[in-house]
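Being a predicted model, the structure only gives us computed values, none of them experimental.
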Amino acid sequence: MNDPQPALGEVKNNVEKRRFELVAEGKLAIAEYIDRGSMIVFTHTEVPVGLEGRGIGSHLVSNALDFARREGKTIMPLCPYVAAYIRRHPEYQPFVLEGFPY
């Protein structure tokens, strides 16, 4: 039986392209952001067609949010996926811009 879960590799912060990247099964998943110094604005998350629903987006976003938390950045989740992830994972909620709906 084939395992439907791809091996989740290392998430890399591609500062030049302003996005977190994860290669899964040879395809690139991304979480784009804007770095505003003390704030990081997550704008878009994309998982390749055929790989959705397999934990890739969650792995990518959790690593991106962990980076923001380690760096002491305030998080602004403009991306609907990142906002939904934060709603499901309250440990990130204290780092969201005060008053910002997520």
field: Expected output: side-chain Arg19 to main-chain Asn14 donor-acceptor under 3.5 Å
entry: no

query: Can you name the closest pair of heavy atoms from Ile30 and Glu21 and give their distance?
result: CG2-CG, 4.3 Å

query: Where do Ala29 and Ile56 come nearest, in terms of heavy atoms and distance?
result: CB-CG2, 3.8 Å

Do [X] and [Y] make a side-chain contact, defined as non-hydrogen atoms from C-beta onward lying under 4.5 Å apart?
X     : Y     : value
Glu10 : Lys12 : yes
Val49 : Lys27 : no
Ile86 : Leu65 : yes
Leu51 : Glu25 : yes
Val96 : Pro77 : yes

task: Please report the C-alpha distance between Met76 and Ile40 in whole Å, then the side-chain angles of each, then the deciding distance to 0.1 Å, and finally whether the side-chain contact (heavy atoms from CB on, under 4.5 Å) criterion is met.
output: CA-CA 6 Å; Met76 180 183 284; Ile40 188 166; over 6 Å; no

Inter- and intrachain pairs under side-chain hydrogen bond (donor to acceptor under 3.5 Å, both in side chains), touching residues 55-67, at least two apart: Ser58-Tyr81, Asp66-Arg69, Asp66-Tyr92

query: Got a sec, which pairs hit side-chain hydrogen bond (donor to acceptor under 3.5 Å, both in side chains) with one end in residues 39-49, sequence neighbours left out?
result: His44-Glu46

- prompt: Which pairs, with at least one residue in residues 10-34 and sequence neighbours excluded, count as a ring-ring contact (aromatic ring centres under 6.0 Å, His included)?
  reply: Phe20-Tyr33, Phe20-Phe67

